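In what follows, a single structure is set out as structure tokens and then discussed.
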Amino acid sequence: MRVTHRSAGLEIRELEAFLVLAEELHFGRAGERLYVSQSRVSQLLRALEGRIGARLVERTSRRVRLTPLGESFAAELGPAYAALRATVDAARAAARGVRGSLRVGFQGTAGDHLVRAVSLFQERHPHCATEIVEVPLSDPFGPVRRDEVDTAVVLLPVREPDLVLGPVFSRQPQTLAVAAGHPLAARASVTAEELAGRALIGVREPAPGYWRRAAAPDRTPGGLPIPTGPAVATLQEGLTLAAAGRGAMLLCRPTAEYHGRGPLAFVPVEGLPDSALGLVWHRGRETARVRAFAAAVSRAGGACGAAARPR
């Protein structure tokens with residue numbers, strides 16, 4: 001593909017398409033998140049590359065990857081884009097007024113990022129009370145759909161057409177929880193291939209199949225089988241089974257750090273996709289309160305990009 005120079009004008013849609021593609025590395029999935037066709041994503045990317053004057057993405061018949069310039073551009077653009085959306089959302093909230101109450105769900109552990117976001121939200125919107133509600137591990141999206149919470153922090157991936165995925169944050173390597181006496185407990189880290197032959201504790205329905213497979217994959221990246229361990233409905237059930245030696249459990253790092261050591265050991269896993277958290281809400285029930293809280297999550301620091309779109 002030949003890249004030609006164009007006007008240096010700023011087109012938000014082009015930047016958004018590039019950021020989504022940088023996360024997905026797949027034109028089809030990027031189009032689904034943006035609610036546009038695959039060819040439209042390609043068109044937006046070509047336009048952006050034309051403005052910059054260089055390739056940002058290399059695409060072959062087998063894979064999509066960022067060029068070195070694309071990687072550095074994505075790393076710098078993500079926080080800037082998140083800050084821009086947060087500023088706009090905060091202005092909208094201020095214009096419309098944010099009052100009443102906001103119910104915020106969370107999975108597993110209300111980590112530091114969520115706590116900071118709640119504090120920022122309360123400082124800016126003192127007339128809106130915030131209620132923090134735990135969301136079942138096995139039903140990450142149900143409370144949002146049933147209007148039990150207004151928004152929720154959940155583990156990615158999120159591929160629910162009726163939900164909006166807002167700020168994504170806390171992208172970190174996954175951690176394996178095992179009993180203190182487990183053969184892997186004393187290791188500084190393990191590779192994804194070493195999960196072969198070791199039962200992983202899974203998550204029960206009604207969590208979607210793709211989400212359950214992300215939480216407890218049945219194969220290593222190299223294709224080796226991973227036995228299926230017991231399925232649980234809550235984080236505490238899973239940690240208890242792991243401590244009892246019934247299997248190992250993959251966790252995001254903030255949850256592992258929160259629960260400390262005790263009868264469990266938490267070992268970083270190399271070679272698996274990073275875990276990440278995202279703020280979701282129902283597409284048909286978006287309010288000024290929800291948008292203002294999404295802005296607070298972005299301002300809390302460490303956001304990988306605010307994306308008001310499904311994933």
Side-chain angles (χ1 to χ4, degrees), residues 1-89 141 154-169 171 208-211 213-214 217 221 271-281 283 286 291 294 298 303-311:
M1 179 184 68
R2 185 178 66 181
V3 177
T4 57
H5 290 270
R6 291 177 51 195
S7 167
L10 182 65
E11 292 291 341
I12 296 298
R13 193 60 168 167
E14 294 171 7
L15 301 178
E16 184 180 42
F18 170 70
L19 285 175
V20 174
L21 183 60
E23 291 181 9
E24 295 290 350
L25 295 179
H26 189 282
F27 280 81
R29 290 196 296 270
E32 290 175 1
R33 284 180 56 180
L34 294 164
Y35 277 105
V36 299
S37 66
Q38 181 173 323
S39 61
R40 178 57 176 161
V41 177
S42 299
Q43 182 184 26
L44 291 168
L45 175 65
R46 286 195 301 270
L48 179 60
E49 290 177 328
R51 295 177 192 280
I52 291 175
R55 286 186 179 179
L56 300 173
V57 175
E58 292 181 352
R59 180 181 186 182
T60 68
S61 59
R62 300 185 61 183
R63 65 182 301 184
V64 175
R65 65 180 180 183
L66 299 180
T67 64
L69 176 61
E71 290 180 355
S72 62
F73 183 54
E76 295 180 12
L77 176 62
Y81 181 79
L84 176 62
R85 289 198 63 93
T87 300
V88 173
D89 288 341
F141 311 124
V154 299
L155 279 166
L156 270 57
V158 177
R159 299 172 187 157
E160 308 299 306
D162 59 330
L163 302 185
V164 175
L165 175 61
V168 173
F169 57 96
R171 192 179 297 278
Y210 73 84
W211 196 90
R213 287 188 295 273
L272 286 179
D274 288 349
S275 68
L277 301 174
L279 187 72
V280 300
W281 59 88
R283 188 171 298 280
E286 182 175 313
R291 288 190 292 271
S298 293
C304 307
R309 56 201 179 241
R311 173 175 181 174

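For clarity, every value in this text was computed on a predicted model and none was experimentally measured.
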**Study point:** Close side-chain approach of S42 and R59, heavy atoms under 4.5 Å
**Key:** yes

Review point. Closest approach of P157 and A214, non-hydrogen atoms and distance?
Key: CD-CB, 3.5 Å

Review point. Name the one of V64, L69, L48, T67 that satisfies side chain to side chain contact (heavy atoms under 4.5 Å, CB included) with V57?
Key: V64

Revision key, fill the gap. Here the pair of heavy atoms bringing A294 nearest to P167 is O-CG, 3.4 Å

Practice item. Report the C-alpha distance between I12 and L84 in whole Å, list the side-chain angles of each, state the deciding distance to 0.1 Å, and finish with yes or no for side-chain contact (heavy atoms from CB on, under 4.5 Å). Key: CA-CA 10 Å; I12 296 298; L84 176 62; 3.7 Å; yes

Review point. Between A47 and E14, which heavy-atom pair has the shortest distance, and what is it?
Key: CB-OE2, 3.3 Å

Point to revise | Salt bridge E49-R46, side-chain N to carboxylate O under 4.0 Å | key: no

**Study point:** Value rounded to 0.5 Å, distance of CZ in F18 from CD in E23
**Key:** 10.5 Å

Practice item. State, to 0.1 Å, how close A17 and L44 come at their nearest heavy-atom pair, and which atoms those are. Key: CB-CD1, 3.7 Å

Check your understanding: Any donor-acceptor pair under 3.5 Å linking the side chain of W211 with the backbone of L155?
Key -> yes

**Study point:** Note, R13 side chain near L34 side chain (heavy atom, < 4.5 Å)
**Key:** yes

Exercise for review: Report yes if some heavy atom in the side chain of L25 is under 4.5 Å from a heavy atom in the side chain of L66; otherwise report no.
Suggested key: yes

Review point. Side chain of Y210, backbone of R159: donor and acceptor closer than 3.5 Å?
Key: yes

**Study point:** Pairwise distance CD(E286) to CG(L163) - rounded to 0.5 angstrom
**Key:** 12.0 Å

Study note, to complete from the structure: Smallest heavy-atom separation, S37 atom then S39 atom, equals OG-OG, 3.0 Å

Review point. Only one of E160, E16, E24 clears salt bridge (charged side-chain N to carboxylate O under 4.0 Å, His left out) with R33; which?
Key: E24

**Study point:** Euclidean distance, F169 CZ relative to L156 CG, rounded to 0.5 Å
**Key:** 9.5 Å

Study note, to complete from the structure: Closest non-hydrogen contact found for A276 with V168 is CB-CG1, 4.1 Å

Check your understanding: So how far is it from L56 CG to E71 CD, rounded to the nearest 0.5 Å?
Key -> 11.0 Å

Revision key, fill the gap. Separation between CZ (R29) and NE2 (H26), nearest 0.5 Å, reads 4.5 Å

